[in-house]
Amino acid sequence: MLSIISYPVMFLSILLALVASISLFPQGWFEFRPEWLALVVFYWTYRAPAQFGILTAWVLGLLLDVLEATPLGVNGLAIAVVAFLVLTVHQRLRMFPLIQQSIIVFLLVGINQMLVHFIKQILGAETSGFAYLWPAVTSAGLWLVLCPLLDKLNLKLG
């Protein structure tokens, strides 16, 4: 378990997640784009719960709302819920192997996506079906690469 947190790695990963969240993606693949910010919030809330909490996640969600031009607070609420849920289980999460963590990532990013979808439906969005859950699947797959990568960077630069 990591005990030293590298703040430059933390800030750089947050910045890259925000940029990747608004970057261009091929039209046919857009619905499969991972939830980059939710993954980074999951990682840092899991690895550094004392330094990265619900308020930080909420502010980052609001920043994502501004960047994506969505109604203010939609992503803020969803990302804060993810951070809260990670904080409630982060002690148990440390015992899980990477595959089981990936399943938890799928569940929490799925909750994130469901909250965003539900709020957008209330505000009048015209989408239906369960296609909004594809980012949870791709985020869970990406967790298997992202977590060891950020761990190595954090250890080298921490």
Side-chain angles (χ1 to χ4, degrees), residues 2 9-10 12-49 52 54 56-58 60-71 73-154:
L2 296 173
V9 173
M10 182 186 287
L12 185 63
S13 65
I14 291 168
L15 181 65
L16 288 175
L18 287 169
V19 169
S21 293
I22 61 168
S23 64
L24 294 176
F25 216 69
Q27 186 67 22
W29 292 79
F30 187 74
E31 67 183 16
F32 300 104
R33 182 176 65 178
E35 278 296 315
W36 295 101
L37 188 62
L39 277 173
V40 169
V41 165
F42 186 98
Y43 178 81
W44 288 111
T45 308
Y46 162 61
R47 288 293 187 214
F52 197 98
I54 298 170
T56 307
W58 179 70
L60 290 173
L62 288 179
L63 184 57
L64 185 62
D65 284 331
V66 170
L67 290 173
E68 290 183 344
T70 58
V74 173
N75 286 310
L77 172 68
I79 297 290
V81 167
V82 168
F84 171 75
L85 292 173
V86 171
L87 283 173
T88 59
V89 298
H90 85 277
Q91 291 292 349
R92 284 182 232 135
L93 201 57
R94 292 176 185 213
M95 296 184 303
F96 293 162
L98 200 57
I99 296 292
Q100 287 180 339
Q101 289 176 11
S102 179
I103 294 168
I104 301 296
V105 167
F106 168 74
L107 293 173
L108 294 183
V109 173
I111 289 170
N112 173 35
Q113 292 298 101
M114 286 182 198
L115 279 172
V116 169
H117 181 73
F118 178 70
I119 294 171
K120 286 183 178 179
Q121 288 290 317
I122 289 174
L123 296 175
E126 297 279 336
T127 59
S128 62
F130 292 102
Y132 63 89
L133 289 176
W134 280 115
V137 174
T138 57
S139 297
L142 188 63
W143 178 256
L144 299 172
V145 175
L146 185 70
C147 183
L149 177 71
L150 285 176
D151 282 346
K152 285 183 183 178
L153 281 173
N154 200 27

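For reference, positions follow the sequence shown, starting with 1. Quick caveat, the model's predicted, so the values are computed rather than measured.
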Original post:
Below 4.5 Å, heavy atoms only, C-beta onward: do F52 and R47 meet side chain to side chain?
Top reply: no
Original post:
Is a donor on one side and an acceptor on the other found under 3.5 Å between the side chain of T138 and the backbone of F32?
Top reply: yes
Subject >> Side chain to side chain, I111 and V82, heavy atoms closer than 4.5 Å >> reply: no
Original post:
Has the side chain of E35 got a donor or acceptor atom that lies under 3.5 Å from a matching backbone atom of P135?
Top reply: no
Subject >> M10 vs N154, side-chain contact (heavy atoms from CB on, under 4.5 Å): CA-CA, chis, key distance, verdict >> reply: CA-CA 8 Å; M10 182 186 287; N154 200 27; over 6 Å; no
Subject >> Between CZ on residue F42 and CD on residue Q101, distance to nearest 0.5 Å >> reply: 6.5 Å
Original post:
How many angstroms lie between OG in S21 and CG in L67, if you round to the nearest 0.5 Å?
Top reply: 8.5 Å
**OP:** Would you indicate whether the side-chain heavy atoms of L12 and L16 approach each other to under 4.5 Å?
**Re:** yes
Subject >> Distance, nearest 0.5 Å, that separates CZ of R33 from OG of S139 >> reply: 10.5 Å
Subject >> Minimal non-hydrogen separation, A17 against V40, with atom names >> reply: CB-CG2, 3.5 Å
**OP:** Look up atom OG1 in T56 and atom CD1 in I14, then write down how far apart they are to the nearest 0.5 Å.
**Re:** 7.5 Å
Subject >> Shortest non-hydrogen contact from A78 toward V116 >> reply: CB-CG2, 3.7 Å
Original post:
Given Y43 and V105, is the side-chain contact (heavy atoms from CB on, under 4.5 Å) satisfied, shown in steps?
Top reply: CA-CA 10 Å; Y43 178 81; V105 167; over 6 Å; no
Subject >> Distance-minimising heavy-atom pair for A136 and G110 >> reply: CB-N, 3.6 Å
**OP:** Report yes if the distance between the aromatic ring centroids of H90 and Y46 is under 6.0 Å, otherwise no.
**Re:** no
Original post:
Does the side-chain contact (heavy atoms from CB on, under 4.5 Å) test come out yes or no for L85 and V89, once each step is laid out?
Top reply: CA-CA 7 Å; L85 292 173; V89 298; 5.9 Å; no
**OP:** For residues P71 and L123, report the shortest heavy-atom separation together with the two atoms involved.
**Re:** CG-CD1, 3.6 Å
**OP:** Looking only at non-hydrogen atoms, find the nearest pair between I79 and A57 and report the distance.
**Re:** CG2-O, 3.3 Å
Subject >> Validation row: W44, V9 side chains within 4.5 angstrom (heavy atoms) >> reply: yes
Subject >> Test item: S102 side-chain N/O and W143 main-chain N/O as donor-acceptor pair under 3.5 Å >> reply: no
Original post:
Can you tell me how far CG of L64 sits from CD1 of I22, rounded to the nearest 0.5 angstrom?
Top reply: 8.5 Å
Original post:
Heavy atoms, side chains only, cut-off 4.5 Å: are V74 and E68 in contact?
Top reply: no
Original post:
What distance separates L60 CG from N75 CG, expressed to the nearest 0.5 Å?
Top reply: 11.0 Å
**OP:** Please step through side-chain contact (heavy atoms from CB on, under 4.5 Å) for the pair F96 and L93, ending with a clear verdict.
**Re:** CA-CA 5 Å; F96 293 162; L93 201 57; 3.7 Å; yes
**OP:** Indicate yes or no for a side-chain donor-acceptor contact from S23 to the backbone of A20 under 3.5 Å, with no hydrogens or angles considered.
**Re:** yes
